[in-house]
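Following: one structure in structure tokens, then a few remarks.
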Amino acid sequence: MNDSYSPVHELNLLKEFEDRLGPVFYSEGFELGEYGGDAGLHTWSEDPAFLSGFVPFAKANGSGSDYALWRCDDRAELATLPIVFVGDEGDLLVIARDLRELFQLLAIDGEPFPEGFPDPDDVEEHSQGHAEFLVWLDETFGLGPAEDPEALRDARKELDDRFQAWVRRFTGPADV
């Protein structure tokens with residue numbers, strides 16, 4: 001296993017899959033980036049406490065949005081941290097409760113938007129590596145695509161409310 005990519009086992013497994021698959025998309029717009037790289041979060045706040053609350057790890061779409069882990073507490077198991085969507089149009093919100101839930105959402109194979117992911121039935125064409133990703137997700141975690149993204153949105157609402165309150169401590173009420 002390539003532990004040099006990140007300290008997160010699940011992301012290392014995904015990196016190995018991505019490296020094996022080659023230069024093709026397996027979920028629309030998604031690709032791993034530099035772990036801990038820049039996601040433009042400094043445009044919201046330069047406060048070190050704010051910036052250290054995030055660990056960017058992937059591109060979310062082709063227009064400049066990113067995904068980051070939100071360090072909401074000091075838990076050791078980083079894969080269980082909430083996943084934040086850092087939108088290229090000013091969105092900053094919790095998109096998944098943890099990495100495995102994000103993987104299930106990625107399996108829908110549609111680009112995220114501020115409200116979440118499209119309904120699986122609305123995706124007409126899949127990425128070139130999508131079928132391989134579904135096999136990998138099942139074999140690695142026993143998971144398949146999220147069947148009801150709206151239910152997942154509802155399940156993460158309380159967590160996103162907590163996140164929005166945390167963000168306002170650094171940005172003020174009108175910025176998020």
Side-chain angles (χ1 to χ4, degrees), residues 1-19 21 25-108 111-114 116-117 133 136-137 140-141 143 146 149 152-153 155-172 175-176:
M1 174 179 303
N2 178 8
D3 287 323
S4 64
Y5 173 69
S6 82
V8 183
H9 178 69
E10 285 82 346
L11 286 178
N12 291 337
L13 292 171
L14 183 60
K15 176 75 169 128
E16 287 180 355
F17 166 76
E18 193 173 279
D19 289 349
L21 188 61
F25 283 111
Y26 47 91
S27 182
E28 186 176 345
F30 179 86
E31 62 183 312
L32 289 173
E34 177 187 354
Y35 181 83
D38 181 25
L41 289 157
H42 62 279
T43 62
W44 277 277
S45 173
E46 296 275 345
D47 190 311
F50 175 79
L51 296 173
S52 67
F54 300 95
V55 182
F57 64 90
K59 296 294 177 196
N61 61 28
S63 61
S65 299
D66 293 283
Y67 291 117
L69 301 168
W70 173 40
R71 292 183 173 271
C72 60
D73 53 36
D74 60 355
R75 68 184 80 173
E77 186 55 51
L78 300 178
T80 64
L81 288 170
I83 309 304
V84 173
F85 177 77
V86 183
D88 59 312
E89 295 185 16
D91 301 301
L92 190 60
L93 57 108
V94 173
I95 197 87
R97 292 173 291 179
D98 59 30
L99 271 174
R100 291 182 186 204
E101 184 172 282
L102 177 65
F103 293 169
Q104 288 186 280
L105 290 166
L106 292 175
I108 294 171
E111 281 195 6
F113 48 90
F117 282 77
F133 179 66
W136 174 83
L137 186 61
T140 307
F141 300 110
L143 298 172
L152 292 179
R153 266 194 305 276
R156 72 170 163 74
K157 182 174 179 355
E158 185 177 321
L159 184 57
D160 187 54
D161 289 347
R162 190 172 125 214
F163 173 70
Q164 297 303 325
W166 179 82
V167 168
R168 283 191 298 274
R169 291 182 19 216
F170 301 99
T171 64
D175 294 348
V176 175

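All residue numbers in this chain count up from 1 along the given sequence.
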message = Could you walk me through whether Y26 and F17 satisfy the side chain to side chain contact (heavy atoms under 4.5 Å, CB included) test, starting with their C-alpha distance in whole Å, then the side-chain angles of each, then the deciding distance to 0.1 Å, before giving a yes or no?
response = CA-CA 10 Å; Y26 47 91; F17 166 76; 3.8 Å; yes
ask   = In this structure, which one of L102, V84, V55 forms a side-chain contact (heavy atoms from CB on, under 4.5 Å) with L69?
value = V55
query = Atom CD in E18, atom CH2 in W136: separation rounded to 0.5 Å?
reply = 10.0 Å
message = Could you check whether any side-chain heavy atom of I108 comes within less than 4.5 Å of a side-chain heavy atom of P149, counting everything from C-beta outward?
response = yes
request  = Output, in order, the C-alpha distance, side-chain angles, deciding distance and verdict of side chain to side chain contact (heavy atoms under 4.5 Å, CB included) for L78 and E10.
outcome  = CA-CA 9 Å; L78 300 178; E10 285 82 346; over 6 Å; no
ask   = Is N12 reaching over with its side chain to a backbone N or O of S6, donor-acceptor style, under 3.5 angstrom?
value = yes
request  = Using side-chain contact (heavy atoms from CB on, under 4.5 Å) as the criterion, point out the one residue from I83, L93, D98 that pairs with R156.
outcome  = L93
inquiry  = Do C72 and L81 make a side-chain contact, defined as non-hydrogen atoms from C-beta onward lying under 4.5 Å apart?
reply    = yes
remark   = Rounded to the nearest 0.5 Å, the CZ atom of R162 sits from the NZ atom of K157 at a distance of 14.0 Å
request  = Compare all side-chain heavy atoms of W70 with those of L159 and state whether any distance is below 4.5 angstrom.
outcome  = yes
message = Counting C-beta onward and ignoring hydrogens, is there a side-chain heavy-atom pair between Y35 and V8 closer than 4.5 Å?
response = yes
query = Do L13 and E16 come within less than 4.5 Å of each other through their side chains, counting heavy atoms only?
reply = yes
message = Quick one, L92 and L41 - any side-chain contact, counting heavy atoms below 4.5 Å?
response = yes
task = Take the angle between the ring planes of F141 and F103 and call it parallel below 30°, perpendicular above 60°, tilted in between.
result = tilted
inquiry  = How close do R71 and S52 get, counting heavy atoms only, and between which atoms?
reply    = CD-O, 3.3 Å
query = Taking the six-membered ring for Trp, are F57 and Y67 parallel (under 30°), tilted (30 to 60°) or perpendicular (over 60°)?
reply = parallel
request  = Mark yes or no for whether Q164, through its side chain, and V94, through its backbone, hold a donor-acceptor pair below 3.5 Å.
outcome  = no
inquiry  = For the backbone of G29 and the side chain of N61, can you confirm whether one donor and one acceptor N or O come within less than 3.5 Å of each other?
reply    = no
request  = Mind listing the closest non-hydrogen atom pair of L137 and A107 along with its distance?
outcome  = CD2-CB, 3.8 Å
ask   = Centres of the F50 and W44 rings: under 6.0 Å?
value = no
ask   = Any side-chain heavy atom of L14 within less than 4.5 Å of one from Y5?
value = no
key: Test item: F85 and S65 side chains (from C-beta on) under 4.5 Å apart, heavy atoms   = yes
message = Rounded at 0.5 Å granularity, tell me how far CD in E46 sits from CZ in F170.
response = 13.0 Å
Contact summary for W166 and G53, nearest pair of heavy atoms = CH2-CA, 4.1 Å
message = With a sphere of 6.0 Å drawn around CD of E77, does it hold more than 12 non-hydrogen atoms of other residues, nucleotides or ligands?
response = yes
ask   = Do R100 and T80 pass the side chain to side chain contact (heavy atoms under 4.5 Å, CB included) test, and can you show the C-alpha distance, the side-chain angles, and the key distance before you say yes or no?
value = CA-CA 8 Å; R100 291 182 186 204; T80 64; over 6 Å; no
